[in-house]
There are 2 protein chains.
Amino acid sequence: MATIRDVAKKAGVSVTTVSRALNGYSDVNEKTREKIKVIAQELNYSPSLLARSLVMKKTKTIGLLVSGLRIEGSKDNFTFEVLCGVNDCAGELGYELVLISTDSKKQQEKTYNQLCNERKVEGVILQGIKTDDPYLDEVLKSDIPCILIDIPIESDSVGYVTTDNKGGAQTAVEHLVDLGHKNIAMINGHSQAFVSRERLAGYQGGLKKKGISYNENYVVNGAFLEESAELETTKLLRKHPEITALFCASDLMAMGAMRAAKKLGKKLPEDLSVVGYDNIILSSYSSPSLSTIAQDRYRLGFEATTLLTKLLEGKEVEKNKVLQTAFIKRESTTENHR
Amino acid sequence: MATIRDVAKKAGVSVTTVSRALNGYSDVNEKTREKIKVIAQELNYSPSLLARSLVMKKTKTIGLLVSGLRIEGSKDNFTFEVLCGVNDCAGELGYELVLISTDSKKQQEKTYNQLCNERKVEGVILQGIKTDDPYLDEVLKSDIPCILIDIPIESDSVGYVTTDNKGGAQTAVEHLVDLGHKNIAMINGHSQAFVSRERLAGYQGGLKKKGISYNENYVVNGAFLEESAELETTKLLRKHPEITALFCASDLMAMGAMRAAKKLGKKLPEDLSVVGYDNIILSSYSSPSLSTIAQDRYRLGFEATTLLTKLLEGKEVEKNKVLQTAFIKRESTTENHR
DNA sequence: CTGAAAGCGCTAACAA
DNA sequence: TTGTTAGCGCTTTCAG
C-alpha cells in the first residue's frame, strides 16, 4: 500500500508537509494542501495507525476485556449488549476498540499488564470477571485506567459502572409481598459475584421493610445457570412446599426455576409467582412471560466507555456510575392464592 | 513501560540479543538467555506489538468486519455467535482479532481498503453485508484476503462460508408436505440476501419434488424482521385462508408469523404449522416451540477463520465451505387437519 | 510556508 | 555467540 513517502514523492513535497497537510495543520498553503489531498486520494493512501501510534505514543484504543466469551452467553446476551454499547460510544468518540478475551488458561500465560501493554490499549473495560479472579488485583495495582462492569471497586485509575442491584432486588421482593406472598424464596447466583451479594441485600431489605423475617433456608445458589437453578429449585420446593413466590437473581435462572415448578406439577403463576432479573429477550417470550427487573446492558457498556474516556482525557469525574433498574410486570407474578 | 532497551541495558547486552533471546532463536547462549528472561520478567516487559508489526510488516491480525452491529442482533445472536467462533479459532491459531463495525454513515467516510490498511489487518471476515452494498465490490477488487459469511462469491483472494440454505429450506418444506400440507406459504427475507434466494430455491425445489405446484402469491418478504413478518403474515393469511403451513426464512420472522396467526384466532399448530430457520435460542422457548432448520453460527465463524488463516499462510485450499444444516422437530408443526 | 533530521520500539542483515 | 547498523511509516522539533 501507499505510504506517506509515496504521496510526498508524487506531490513533490516532503513527508513533513504531507503529514501536516493531511492532519489539518494551519501552517500549510491551501493550494499545497489541496494538491496533496488529491494525490492521497488517487493513491488510496491512508496513514498507518501502527506507525502513528508508535511515534505519538498514543493509540486512541480501548480494550474490552471479557473473561469467558462463550457461546453460552447467547442466552442472556450480556456480553453482546455491553459490546454494542462500548462499540457505539467508542466509535462516536473516535476510539478504536479491541476485543480481548481471556479464560483461565490464557491467564496462566499472560498477565493483565502484558495483555494491555502488548496491544498498547490506553484503557480497559473489564467485563465478566469474578471477584476472586487474580486479574482483579492486577487491575487495581496497574496504572492503566480501567472501568469495571458490575464490580464496585475504585482506585486512582479504576472506576466502575453497575446498576442499582440492591434497589432492583428490593423492588422485586416488595412487588411479591404486595401480592400477598409471605414465603418468598430467592435463587441467587454465586458468592463470587458482587451483584449476588447486592441482590441478596435487596431481598433481605425488601422483606424487612415489609415486616417479614428473613429465613436463610429460603436462599439457594443457582450459579447463574439455568440447569443449576432448576435443580436447586426442585430441591427447595420439595423441602418447603409452603413457598409461594420466588425471586431469581437472573432471568435465565428464573427459566430453570419455572421449569422445575412445572415439573413438580405446579401451575404458574397461580401456585408460584416468579420474578427474574435482567430482562433478557427470553423473558418476554416464555410462558408465562416473566416479570423481571430490567437492567440496560447496552447503557452499561456505553456509560463505561464514557467514563473511561473521560478518565483518559484527564477530566475530573466521578469514577463510578450506578444505573437505575426498572420493574417490568408480566404474567409470571400474581396474587397469593393460598 | 519497560522497553527492549531497558532490558538490554539492565542485562548488559545489546537490544538485538534481547530480541533474539526472547524470540527463541538458537544462536544465543543459554546462560545469556536465562539472564535476559529473568530481567524481562522483573521489569514486567512485554514487546510492543505495534513496533514489532511495523518492522516485520506483519500484524498477525484479522478483522471481523460487521456491518450493522446493533443491539437488535440480540434477538438472533447471529453476530455474537459468529464472533465467538472467530474469536476461538483466531485465539487457537495465535491471531489477534479486531472488531471493525461499520454502518452506512461510516462507509461514507472510509473505504473498505482504508479501514483495513489503517489497522493493517492481514485478512478480513465479513459479516452482515447485503449483496448490494458498495463494500462488496471493493472487497472483490481488493487484494486483502477475505472470507464472506453467507455470500457465495469467490475470487483470488476472496472465499466464503455458508450453510446449505437450499437444502435446509427443502427439508423444511418436505417435512410440511409429509404432514399432509398442500398450501404452504413462505415468509422470505429480502432480495438483497443470498440466503433468501437460496431458501426460496429450496422452497420451490421441495414443492416440486413433492409434486406441488409453485404459487408465487404464497411468497412474501418479511425483511428478516419480526414485525414485518407479522404484518405480512396477517395480510397473507387474510387473503389466502386456505394456507395451512408456513415456512419462514428465519426463526425471528416465524415468531412474528405465529403471533399474527394467533391474533387472527388461529390455533397453533392445529390450524397452521410453522417451520422457521436458524434455531435461535427463542425457538425452543416459544409456545408452541418452533420446528426449525438449525444452522451452526459458531461454526460458521470458526470455519471462516480456519479458511482465512489458510489463505493467509498461502496454503492451497478450497476457498469455500458449505456447512450442513439439521432439521429440528418441535411443537409448531403437525398434521394437516383440513 | 516548507524541509531536514531525529526518533518511537522493534527486527534483521551483516560483521566481528 | 554477540553487537552494529539500518529501517519499518509516521510525527515533531528546529531551521530556513
Side-chain angles (χ1 to χ4, degrees), chain A residues 1-37 39-40 43-61 94 96 113-122, chain B residues 1-37 39-40 43-61 94 96 113-122:
Chain A
M1 278 309 302
T3 74
I4 197 171
R5 291 176 60 161
D6 299 323
V7 178
K9 202 166 288 176
K10 190 152 181 193
V13 296
S14 72
V15 294
T16 317
T17 304
V18 175
S19 174
R20 280 190 295 227
L22 262 26
N23 288 315
Y25 281 60
S26 58
D27 59 350
V28 46
N29 188 306
E30 276 310 318
K31 263 183 171 171
T32 327
R33 189 198 303 279
E34 277 316 309
K35 186 175 166 191
I36 289 173
K37 273 190 174 172
I39 290 174
L43 262 41
N44 205 355
Y45 168 77
S46 51
S48 159
L49 258 32
L50 248 57
R52 175 181 286 172
S53 297
L54 186 59
V55 60
M56 307 213 340
K57 288 175 160 296
K58 255 190 149 289
T59 56
K60 235 181 171 218
T61 297
E96 304 286 320
N113 276 299
Q114 278 177 334
L115 232 41
C116 296
N117 278 317
E118 281 184 357
R119 312 180 63 153
K120 293 285 179 284
V121 296
E122 295 182 10
Chain B
M1 279 306 303
T3 74
I4 197 171
R5 291 176 60 163
D6 299 325
V7 179
K9 202 167 289 177
K10 190 152 181 192
V13 296
S14 73
V15 293
T16 317
T17 305
V18 176
S19 174
R20 281 189 293 228
L22 262 25
N23 288 315
Y25 282 59
S26 58
D27 58 351
V28 45
N29 188 305
E30 276 310 318
K31 262 184 172 167
T32 327
R33 189 197 304 280
E34 277 316 310
K35 186 175 167 193
I36 289 174
K37 275 190 172 172
I39 290 174
L43 262 40
N44 206 356
Y45 168 77
S46 51
S48 160
L49 294 183
L50 249 55
R52 175 182 285 170
S53 296
L54 186 60
V55 60
M56 306 211 347
K57 286 173 160 297
K58 257 190 149 287
T59 56
K60 235 179 172 219
T61 297
E96 303 287 320
N113 275 299
Q114 279 177 333
L115 231 42
C116 295
N117 278 319
E118 280 184 357
R119 312 180 63 152
K120 294 283 178 286
V121 296
E122 295 182 11

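Numbers restart at 1 for each chain; the letters A, B, ... are given by sequence-line order, proteins then strands.
Within residues 6-18 of chain B, the residues having any heavy atom closer than 4.0 Å to DNA chain C are, in order of number, B:Thr16.
With the nearest nucleotide of DNA chain D identified for both B:Asn29 and B:Ala51, B:Asn29 has the one nearer the 5' end.
When rounded to the nearest whole Å, the span between OH of A:Tyr45 and C1' of D:dG9 equals 7 Å. Residue A:Leu22 contributes atom CG, which lies 14 Å from atom C1' of D:dG9 at whole-angstrom precision. If you measure from atom CZ of A:Arg20 to atom C1' of C:dT2, you get 6 Å, rounded to the nearest angstrom. The distance from atom NZ of A:Lys58 to atom C1' of C:dG9 is 18 Å, rounded to the nearest whole Å. In this structure, B:Ile36 atom CD1 and C:dT11 atom P are separated by 12 Å, rounded to whole Å. The separation between B:Asp27 atom CG and D:dT1 atom P is 7 Å, rounded to whole Å. The CG atom of B:Leu50 sits 14 Å away from the P atom of C:dC8 (whole-angstrom rounding). In this structure, CD1 of A:Ile4 is placed 8 Å from C1' of D:dT11, rounded to the nearest angstrom.
Electrostatic pairing of B:Glu122 and B:Lys60 does not count as a salt bridge here, judged by no charged N lying under 4.0 Å from a carboxylate O. Ionic pairing of A:Glu34 and A:Lys31 is not present here: no N-O contact between side-chain nitrogen and carboxylate oxygen is shorter than 4.0 angstrom.
The minimum heavy-atom distance between B:Ser53 and B:Thr59, with the atom names listed, is OG-CA, 3.6 Å. In terms of heavy atoms, A:Lys35 sits closest to A:Ala11 at NZ-O, 3.3 Å. Across all non-hydrogen atoms, the minimal contact from B:Ala21 to B:Ile36 is CB-CD1, 3.7 Å. Listed here is the closest heavy atom pair of A:Met1 and A:Asn44: CE-O, 3.3 Å.
Counting any heavy atom pair closer than 4.0 Å across all strands shown, A:Thr32 reaches sugar-phosphate atoms only and no base atom.
Defined by atom type and a distance below 3.5 Å, a donor-acceptor pair is present between the side-chain atoms of A:Ser14 and A:Thr17.
Taking side-chain N and O atoms only, A:Ser19 has no distance below 4.0 Å to OP1 or OP2 of D:dC10. In this model, the phosphate group of C:dT11 is not approached by any side-chain N or O of B:Lys57 to a distance below 4.0 Å at OP1 or OP2. Within the 4.0 Å cut-off from OP1 or OP2 of C:dA12, at least one side-chain nitrogen or oxygen of B:Tyr25 is found.
Closest to the A:Val28 side chain, of the nucleotides C:dT2, D:dT11, D:dT2, is C:dT2. For A:Thr3, whose side chain is taken as the heavy atoms from C-beta onward, the closest listed nucleotide among D:dC10, D:dC8, C:dC8 is D:dC10.
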